[in-house]
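Computed from a predicted model, the values in this text were never measured in an experiment.
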Amino acid sequence: MAKRTNGMTDHRLDDAESQQATIRGNYRAWGQFSMVPDSSCGSNGALALHQPYRLVEGRLMNVVGGHIRSTANLQEYELRAGDTLLLPPDCIIELLEMSDDTRLQILSYSDDAFAVKNHEVIQVSPQGDEHEQIALLVRLVWLALGQTPVMQSVVEYLFQSLQSLVVGISERETGRTLAEGDSRKRMLFQRFLKLVNTHCARERSLTFYADVLCLSPHYLSTMVKQVSGVNVTTWINRAVCLEAKVRLRHTHQLVSQISEELNFPNPAFFNKFFKRETGMTPGDYRER
């Protein structure tokens, strides 16, 4: 469910502040952890198609069947049965397509439990024993969350093991496909995207992001275009538009309030920008 806090969407699987274990049917939660072991997303309302959500918690999505196409922090990902997607806290995700036979295992955990460096989005396609290891760890998490009382250290170690395994698979896959120079550029590009997602509401200039990354504006501009095929301004505009969509869809803020908080000079300018990016006005997007 999505609950509104300070005008933003806190999309999470539970109210996980409580230290009491919650066990009901196809759902278990305790403290900063929660899990749905078999979900089709649309059927239980976890995520709807074509609606951007800002995830408060980190999330591991293990695809058991079918396929999904989605965006996460502006980049597109396509996942099929056997793939795993690791999403950092504060990530904006939107499901673009999902087959009727899609089944997911969804593990949710707080920022404190997310240990991945730079809070990257990670997609992996485990093979052989790695796939079995992920499946086993997911199963063990489900069993551990069902214990009474829940053993905190066991749940924490299992989640950490899952994260470490996914990161290790990702590093192996990346190492096979990227030369050292390309790997550094890819890392810088990921850092750039994270900054854009964090600061786009107030900062639009190339110079700002170059300064934070300790790069020259020319190098940052060239590197981003080489890695992604898209220029810096386009990425910033996409991030601003996505932020606007989240606020329009999941808050009761007036368009004029959103315009001001996203640092537009006036609502008319915001309307023009949003229509150029999406083909519809903010009001039309909110009402569709």
Side-chain angles (χ1 to χ4, degrees), residues 1-15 36 39-57 59 61 66-79 85 87-102 104 106 108 121 193-194 196-204 230 233-288:
M1 76 183 156
K3 67 177 185 178
R4 294 180 178 122
T5 303
N6 296 327
M8 291 304 295
T9 298
D10 291 354
H11 188 84
R12 56 200 309 155
L13 296 178
D14 70 314
D15 294 328
V36 175
S39 167
S40 61
C41 276
S43 65
N44 67 6
L47 288 175
L49 287 172
H50 306 298
Q51 289 198 39
Y53 297 91
R54 182 182 294 280
L55 304 179
V56 172
E57 78 289 346
R59 189 170 295 189
M61 298 173 62
H67 74 271
I68 287 177
R69 188 168 60 88
S70 73
T71 62
N73 283 352
L74 299 178
Q75 295 194 89
E76 188 168 311
Y77 297 87
E78 187 162 356
L79 297 96
L85 188 67
L87 302 165
D90 207 36
C91 176
I92 296 181
I93 181 172
E94 180 176 7
L95 288 179
L96 304 177
E97 181 182 329
M98 182 174 63
S99 63
D100 293 338
D101 60 342
T102 295
L104 304 173
I106 304 176
S108 168
V121 176
L193 279 191
K194 182 176 184 297
V196 169
N197 279 289
T198 301
H199 299 288
C200 67
R202 307 303 301 177
E203 300 290 347
R204 312 272 212 272
V230 176
T233 300
T234 299
W235 283 115
I236 294 172
N237 287 343
R238 286 179 180 177
V240 174
C241 186
L242 191 59
E243 186 70 35
K245 285 181 176 180
V246 170
R247 294 170 188 246
L248 288 165
R249 184 68 71 187
H250 301 293
T251 78
H252 296 301
Q253 288 181 301
L254 299 174
V255 171
S256 59
Q257 292 176 301
I258 296 174
S259 171
E260 182 178 358
E261 291 187 2
L262 294 182
N263 206 27
F264 286 91
N266 55 62
F269 197 93
F270 171 59
N271 284 5
K272 183 178 179 181
F273 165 84
F274 193 86
K275 188 169 185 178
R276 186 186 72 219
E277 294 293 316
T278 67
M280 64 185 78
T281 67
D284 289 340
Y285 177 80
R286 171 169 271 173
E287 293 175 6
R288 72 170 186 168

Next item on the list: Look at the rings of Y285 and F274 and say which category their plane angle falls in: under 30° parallel, 30 to 60° tilted, over 60° perpendicular.
Entry: perpendicular

Checklist line | Spacing of H50 atom NE2 and S70 atom OG [to the nearest 0.5 Å] | finding: 12.0 Å

Next item on the list: Could I get the full list of side chain to side chain contact (heavy atoms under 4.5 Å, CB included) partners for R202, not counting sequence neighbours?
Entry: N263

Item checked: side chain to side chain contact (heavy atoms under 4.5 Å, CB included) assessment of Q257 paired with T251 -> CA-CA 11 Å; Q257 292 176 301; T251 78; over 6 Å; no

Next item on the list: Write out all pairs satisfying salt bridge (charged side-chain N to carboxylate O under 4.0 Å, His left out) with one or both partners inside residues 264-281, taking only residues at least two apart or from two chains.
Entry: none

Note to self: I'd like to know if the side chain of S108 and the backbone of R59 have a donor-acceptor N/O pair within less than 3.5 Å.
What the structure shows: no

Checklist line | Min side-chain heavy-atom separation T281-V255 under 4.5 Å | finding: no

Check: Between the side chain of H250 and the main-chain N/O of P52, is any donor-acceptor distance below 3.5 Å?
Finding: yes

Item checked: Straight-line distance of L96 CG to Y77 OH, nearest 0.5 Å -> 12.5 Å

Item checked: Separation of N197 CG from L242 CG (nearest 0.5 Å) -> 7.5 Å

Next item on the list: Determine, step by step, whether R286 and M280 satisfy the side chain to side chain contact (heavy atoms under 4.5 Å, CB included) criterion, reporting the C-alpha distance in whole Å, the side-chain angles of both residues, the deciding distance to 0.1 Å, and the verdict.
Entry: CA-CA 10 Å; R286 171 169 271 173; M280 64 185 78; over 6 Å; no

Notebook entry, point to check: Is there side-chain contact between W235 and C200, with heavy atoms separated by less than 4.5 Å?
Noted result: no

Notebook entry, point to check: What heavy-atom pair brings I93 and L87 nearest, and what distance separates the two atoms?
Noted result: CD1-CD1, 3.7 Å

Notebook entry, point to check: Got a donor-acceptor contact below 3.5 angstrom from the D90 side chain to the V56 backbone?
Noted result: no

Next item on the list: Considering non-hydrogen atoms only, spot the tightest contact between P88 and V121 and give its length.
Entry: CD-CG2, 3.7 Å

Notebook entry, point to check: Between the main-chain N or O of H67 and the side-chain N or O of T102, is there a donor-acceptor pair closer than 3.5 Å?
Noted result: yes

Next item on the list: Hey, could you give me the CG/CZ distance between N73 and R238, rounded to the nearest 0.5 Å?
Entry: 13.5 Å

Note to self: How long is the straight-line distance from CG of L95 back to CD of Q51, given to the nearest 0.5 Å?
What the structure shows: 10.0 Å

Note to self: Taking side chain to side chain contact (heavy atoms under 4.5 Å, CB included) as the definition, give me every residue that meets it alongside D101, ordered by chain and number, with sequence neighbours left out.
What the structure shows: S99

Next item on the list: Could you tell me which non-hydrogen atom of I258 sits nearest to which non-hydrogen atom of R247, and how far apart they are?
Entry: CD1-CB, 3.8 Å

Check: Which pair of heavy atoms, one from I92 and one from E243, lies closest together, and at what distance?
Finding: CD1-OE1, 3.8 Å

Next item on the list: Could you tell me which non-hydrogen atom of C91 sits nearest to which non-hydrogen atom of A72, and how far apart they are?
Entry: SG-CB, 3.9 Å

Notebook entry, point to check: Rounded to the nearest 0.5 Å, how far apart are CD1 of I68 and CG of L104?
Noted result: 4.0 Å

Item checked: Derivation and outcome, side chain to side chain contact (heavy atoms under 4.5 Å, CB included), residues L79 and M61 -> CA-CA 10 Å; L79 297 96; M61 298 173 62; 5.9 Å; no

Notebook entry, point to check: What are the two closest non-hydrogen atoms of Q75 and L193, and how far apart are they?
Noted result: NE2-CD1, 3.4 Å

